[in-house]
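Data first, discussion second: the structure below is written as structure tokens.
Any value given below was found using the heavy atoms of this structure, including those in side chains, with hydrogens, waters and symmetry copies removed. Remember, it's a predicted structure, so these values are computed and weren't measured experimentally.
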Amino acid sequence: MSANFIDDLLEAVLRVFKPDVSALKEILIISGMPEETQNIRYLSYNRQVVQEDAAIKAFSAVALINNRRAAQWLLTGYSKAISQIIFSPRWTRNEMDLFISALRCSPDTVALLSSTAAAYSLMGILEIEDRGNKGIFKRWSRRIRPALIVPGLDAIGQKSIATFEHANEIRKSAGKKNLFNG
């Protein structure tokens, strides 16, 4: 895997999370990039957690996407309908499956991936746990969203990616408990 490709991805990750660069770089090097005929390459388990102000953020890099094959990866018609039924929050509890299906069913986002100069993008999962107020009754909220890391996008492309991420965010809330630790 080229060092420039890795450095570009690591720089682009900063849009959503400040990772331990050496740990994430090691995951990318060990996993390698997808072959020319592969749409996606799943990464080994990794998770980085940081605390920022009143929020705890956790980032997991889950897959490298081959942007050169993104157009062939798009689901349309009957395949799209089946995917949206099977991979809905009602039936699927795995956020990664939900987010990858949402990506494959999003023609605008797939078109953006296939038109970018970067050969590969990184799909991650960002979990944000907000502590809420500091009073006696604490209310915790948890947001789980896809983090689509595409190097070299302009402001319009970044806005389009942020819109996709926000549209596919999962929100959960609870009282008096830490959602990460039970």
**OP:** Fit a plane to each ring of F5 and Y120, take the angle between them on a 0 to 90° scale, and name the class: parallel (under 30°), tilted (30 to 60°) or perpendicular (over 60°).
**Re:** perpendicular

Subject >> Derivation and outcome, salt bridge (Lys or Arg N to Asp or Glu O under 4.0 Å), residues R143 and E165 >> reply: CA-CA 11 Å; R143 294 175 287 147; E165 292 170 344; over 6 Å; no

Original post:
S101 side chain to D97 main-chain N or O, any donor-acceptor pair under 3.5 Å?
Top reply: no

**OP:** Quickly, which of E127, E169, E95, E129 forms a salt bridge (charged side-chain N to carboxylate O under 4.0 Å, His left out) with R142? Name it, please.
**Re:** E127

Original post:
Would you say the side-chain atoms of R171 pair up with the backbone N or O of S141, donor to acceptor, closer than 3.5 Å?
Top reply: no

**OP:** Would you confirm whether S115, through its side chain, and A111, through its main-chain N or O, come within 3.5 Å as a donor-acceptor pair?
**Re:** yes

Original post:
Hey, does the side chain of S114 reach the backbone of V110 with a donor-acceptor pair shorter than 3.5 angstrom?
Top reply: yes

Subject >> Donor-acceptor under 3.5 Å (D130 side chain, I128 main chain) >> reply: no

Original post:
Taking all atoms of both residues into account, what is the closest heavy-atom pair of P151 and T116, and its distance?
Top reply: O-OG1, 3.8 Å

Original post:
What's the shortest heavy-atom distance between F99 and I125, and which atoms?
Top reply: CD1-CG1, 4.0 Å

**OP:** For side chain to side chain contact (heavy atoms under 4.5 Å, CB included), just list the numbers for Q38 and R69, CA-CA rounded to whole Å, side-chain angles, deciding distance to a tenth of an Å, and then say yes or no.
**Re:** CA-CA 8 Å; Q38 286 182 311; R69 293 188 48 83; 5.9 Å; no

Original post:
For residues S22 and D20, is any side-chain donor paired with an opposing acceptor at under 3.5 Å?
Top reply: yes

Original post:
So, does N66 use its side chain to make a donor-acceptor pair with the main chain of T37 at under 3.5 Å?
Top reply: no

